[in-house]
Amino acid sequence: MTLRTRRRFLAGAGAGLGVAAAGGFVPTRFAIGQKAKLKIGLMLPYTGTYAALGHNITDAMKMRLAEAGNKLGGREYDIVQLDDESAPPKGKDNAARLLVREKCDMLIGTVHSGVVLAMAQVAKEEDKFLVIPNAGAVDLTRKGCTPKLFRTSFSNWQPAFPCGDVALKDGAKTAVLMTWNYPAGHDSLQGFKDSFTKGGGKILKEILIDFPNVEFQAGLTEIASLKPDCVYVFFAGAGALKFMKDYEAAGLKAKISLYGPGFLTDGVYREAGSAASGIKTTLHYADDLDNPMNRKFRADFKKQTNRDCDVYAVQGYDTGTFLVQGLQAVQGDLGADKALVKAWEASKIDSPRGMFTLSKSHDPVQDIYLRQVWGGEEKYLGVAHKALADPGTGCTMA
Amino acid sequence: MADAMLETRGLSRRFGGLAAVQDVSLAVARGKVHAIVGPNGAGKTTLINLLSGDLRPSDGKVSYQGSDITGWPAHRVAQAGIGRSYQKTNVFREFTALENCALAAEARLPRLHLFRAAATFRETAARAERALALCSLETRRETRAASLSYGEQRQLELAMMLATEPQLLLLDEPLAGMGPEESARVVDLLKRLAADHTMVMIEHDMDAVFAIADTITVMVNGSVLASGAPQAIRANREVQRAYLGEDAA
Amino acid sequence: MSLSYFLIQTLNGVQYGFLLFLVASGLTLVFGIMGVINLAHGAFYMVGAYLAWWFARATGSFVLAVLLALPITVLLGLLIERFGIRHLYARDHLHQVLFTYGLILILNEVQRVVFGNDVHGVAIPPLLAGSLPLTEAQSYPIYRLFISVACVAVAGALYLVIQRTRLGMVIRAGSTHREMVAALGFDIGRLFMVVFGLGVALAAFAGMIAAPVNTVYPGMGDQILIISFVVVVIGGIGSIKGAFVGAMLVGIADTYGRVLLPTGAGVVVYAVMALVLLWRPQGLFGRMA
Amino acid sequence: MPHLSRAALTALVLATGFLALFPLWGDTFYIRFVTKIMVYALFAMSLDLLVGYAGLVSLGHAAFFGIAVYAVAGLVNKAGVTSAFVLLPAALGASAMAAAAIGWLSIRTSGVYFIMITLALAQMLFYFFNDQKYWGGTDGMNIDQRPTLALGDLTLLNFGSRLQLYYLALACLAGAFVLLAVLLRSPFGHALVGIRANEGRMRALGYDVQRVKLIAFVIAGTLAGLAGFLEAARSTFATPALLGWHESGHVLVLVILGGMGTLYGPVLGAFVVLLLEDYFATLTDRWLLIMGVFVIAVVMFLPDGLAGLFRRVASLARGRGRSAGDG
């Protein structure tokens, strides 16, 4: 197997993880009129703000493929890896590079929803499969759904929806919502709103901050003057960390309980210290989920990469499982696309986050968990919503 | 004055607290050469800048051929037929002498053409050539302005102004820094131009001034000290005391 | 809404304005004296913040971190001046813009290589931790007030330098006339170095002092750079006084824009800038170019 | 004033011929890639009219590129219009109007003020698209259909064909080149160059300097809009980053690196920079670092860009006889 780089071509699953690559076995079935090896295009961010996500997804996925013997449906494969830089303007060109120049048989990616939008269209034009291991924009699987597009992660609506019920259960009647003024934020707020208003709660105000500004003071002052029972926010990364600190410093934390999807605290709750303590979030994963698979996966991932496992690694791992199972069903023949769509639609993915299946719009149907940061750890509290599916409104699979 | 081509009334310009030009009222008669003299810092160049539209007056009025042009931007003043030359040579150094004049001549096209090649405007090209010839630069037409001698650059400065075919010339020290020979040539040119142009001229070379000017205005400290025919100015004792003292002695 | 609500929002705006002033003053100073547009100004803000975070973690003291990080950032700036920008003074603005654009690319990447992609919080020094209750629901972090105080102190020091020193005379004249600078006893090369160093110091100091409330993250310099440009343009390029007024205007416009026009918040400050320019193309306190 | 030497003309004809024949052997991916390069070459050429000829350094030129993309996106997605007969004028019109507005505000200033003001005003447009849900926000949006160009049932141009798109881009690039060459030989072009050399003198000669600058600004913006239209047809994707200041800085790099004040310089710059970026990216994830070093090296050592390098080489080859002449 040759190793080229562009953005590095990593051959086989093992490279970079120290797992021996598979040998040169070619199933006879594909000897005629079929390329011997599958070529999988992996488009993820390896530089920039989302680099850590890209690396965790990639490494965990390769781990899973290595566990399956570095074969997909009995076939060998090459992975062509490309850094998408989380740059939407380059999305189409990069996707075309993988599908047209490298002649990849399918695409996997990515983190940034804007880039996925671009990838999805190229994949559709080239009639290739696209599996999304992170980006949660709801439009992708709603009005943008296509038979060959699958998502193994979540929709932005999904982790948000149960959070409204959680807040109601905690006794909140009124809420102020706050997020960056961008699509992921809108999706997430909608999820919370759907359940919170259905249960009789009242949204006092939605505060939007221009993305990616992190100057929250004006919004916090508004919250203080509206005095809602609770606040639901969607922020991640730098913004999440800063928001929690500002929220605490403004004296709001002690008086108005803060909720959010798990992205609020994941990865930053240690840096946030006391500012994160006590915050309840909902997500399709929790670090301390008590199942053997999770325990094993977390240990393995730590051992292989020397990094802590997170929800993104889990999504990468599950993407691996998804590939392994689907291609097993069609014995590695990506050309058998009808059969593969069927197989994938019927998937049951055994995951560190618990078993999940796929919805009609090709999104995971999964449990959403309630977690709380406590004593410097993120603790699993229970299931907030069992087997939740994105409504998939507007998906026609034309 | 009935036949004043250019007239100012109470023209003033202040910079901060300093009045560079104060209450200047002038009438430049059509077809005449009106010289403005005075010691350095008398506000002569500021006055020219006020007339050319490079500066806006703080007070007062400028009228040209009967219409009020106070506060007009420089390009509009130029379009109206007032050309100016600069004391410090102000030519396009990277262009040839001909290109300099062509650029000037093209300024007079009735509208700004975007798609027609400049070279196809015959009349404009001829005007540029004429201006060059008038200033005795025809042999230097293809020479880069920066490579011209100082005197030639001064002549080019005049040629550019002439290429715009102005009716009124504002000349800021046309003889500045020239040797006697070049000076004589330019004085000769100015005399010829005086035949069919009105001129306002700042000049330190009093021989030249008395040789060309029909009217002389003496400025001191931003104000007009005296104004009149050369003989009258020569005879004016106040002027002699304030300015011409040494020269007249 | 209540009076206290508006007072607090105004406080938010002013406080944000102070921080903007700190960054913008360096930008406008470097331009006013040297005629150099330093696009890498935001990058120095970032370098300062990252170094402060790193030293704070290593030494456990934020104050010590600032004392260590500031000279290092300034030294970096001076090296860049000495070996790069100095050779471009005689050139067109364009080349300076491009050079500093290249610097942004380099400094951003170096930051990622050295410090990684993670977001980091910087602990507020214990002495300044805590909040003052303003209303029954809201408190105001002491550290934020401290930032304002520090900014006022820097602004005051700048004012003294500008009004009372020979360097200040040059700055006020806003000129690089060699004769004048020489007449005041300055070597122009030395002067430029000092001014550039001062500009870097202001950017870096702003990055450091804001780190505990802003967190430290990749690309943080780009964001502050653009908004500082707006401040400088509004105030008049080269004018410190203008930078101060511009910063306050932007801080308050941004705060109220967010409250009153939530979906157009990003546009508000630019609209303010456009209005100011319509009125005065050279900015509030700028000299005509 | 600008003239094209014989050698440059020959080189141009050869380059155009090469580009015209390239699809004969270039594979699909490179046809796509060269199409993109040509779009950026056109974009850079439009900026060069401002930077290289009028002396107006705009750091907000991407706004006009991006707004054309959004004009196409809006009409296709929101109004269902696909005819290029509507889309193209709409894209150009949107860019021209934005350029007229931004230009009107900016040209009242000059030099460094101009740089900063164009930057800030373009950011305003950036934030407009970045913040509005309607336009897809930060994610941007796919353009649902490609433009069509048909008279009745007769399809004149199939925008879905990579090859036809390639030749459309080539034709636009060549057309813009000719248009700019014509403009630069006209009195308007002379005025532009004169203004860059000495604005005050031009005023005294009677040129309405502001008007000339504004016209140049609008022409440049409109040509950037043409590039934007091609980008929309090529990538069928609209994203706010297309209007952002990084994009403006990037296209400025193309112009300066290629050599400003020449028409072929920006084209050269687009080809060299985009190909290099692609190559660096295959070497390392840290390719932006290399790019930064590269940009700085060019500024320090090749201030006249690649075109300047070519000129120097060419004049060396021609011998020293002439250069000694008149200095």
Shortest non-hydrogen contact from B:Tyr86 to D:Gly200? OH-O, 3.8 Å
Apply the test side chain to side chain contact (heavy atoms under 4.5 Å, CB included) to residues D:Tyr207 and B:Gln79: give CA-CA distance (whole Å), side-chain angles for both, the deciding distance (0.1 Å), then the verdict. CA-CA 8 Å; D:Tyr207 283 98; B:Gln79 286 287 355; over 6 Å; no
If you apply the rule side chain to side chain contact (heavy atoms under 4.5 Å, CB included), what do you find for D:Ile219 with B:Leu114, and how did you get there? CA-CA 11 Å; D:Ile219 292 175; B:Leu114 272 78; 3.6 Å; yes
From D:Leu205 atom CG to B:Arg84 atom CZ, the distance as rounded to the nearest 0.5 Å: 11.0 Å
If you compare all heavy atoms of D:Ala204 against all heavy atoms of B:Ala78, which two are closest, and at what distance to 0.1 Å? O-CB, 3.2 Å
Supply the atom-to-atom distance B:His75 NE2 to D:Gln210 CD, rounded to the nearest 0.5 angstrom. 8.0 Å
Relative to chain D, which of B:Val91, B:Leu112, B:Thr120 shows the most heavy atom pairs under 4.5 Å? B:Leu112
CD1 of D:Ile195 to CZ of B:Phe92: how many Å apart, nearest 0.5 Å? 9.0 Å
Look at atom CD of B:Glu123 and say whether more than 12 heavy atoms of other residues, nucleotides or ligands are closer to it than 6.0 Å. yes
Between B:Asn90, B:Val77, B:Thr164, which shows the greatest number of heavy-atom pairs under 4.5 Å with chain D? B:Asn90
Note, D:Arg203 side chain near B:Arg76 side chain (heavy atom, < 4.5 Å): no
In the structure I gave you, are the side-chain heavy atoms of D:Pro187 and B:His113 within less than 4.5 Å of one another anywhere? yes
Taking atom CZ as the centre, does B:Arg56 end up with more than 12 heavy-atom neighbours from other residues, nucleotides or ligands that are less than 6.0 angstrom away? no
Please find the pair of heavy atoms, one from B:Met161 and one from D:Arg201, that lie closest to each other, and give the distance. N-NH2, 4.5 Å
Can B:Phe95 and D:Val193 be said to form a side chain to side chain contact (heavy atoms under 4.5 Å, CB included), step by step? CA-CA 10 Å; B:Phe95 300 173; D:Val193 180; 3.6 Å; yes
Heavy atoms from other residues, nucleotides or ligands near CZ of B:Arg30 exceed 12 (cutoff 6.0 Å): yes
Between B:Ala118, B:Gly53, B:Ala105, B:Pro166, which shows the greatest number of heavy-atom pairs under 4.5 Å with chain D? B:Ala118
Determine, for D:Arg196 against B:Glu94, whether the closest basic-nitrogen to carboxylate-oxygen distance falls under 4.0 angstrom. no
Are any non-hydrogen side-chain atoms of B:Leu103 and D:Met202 less than 4.5 angstrom apart? yes
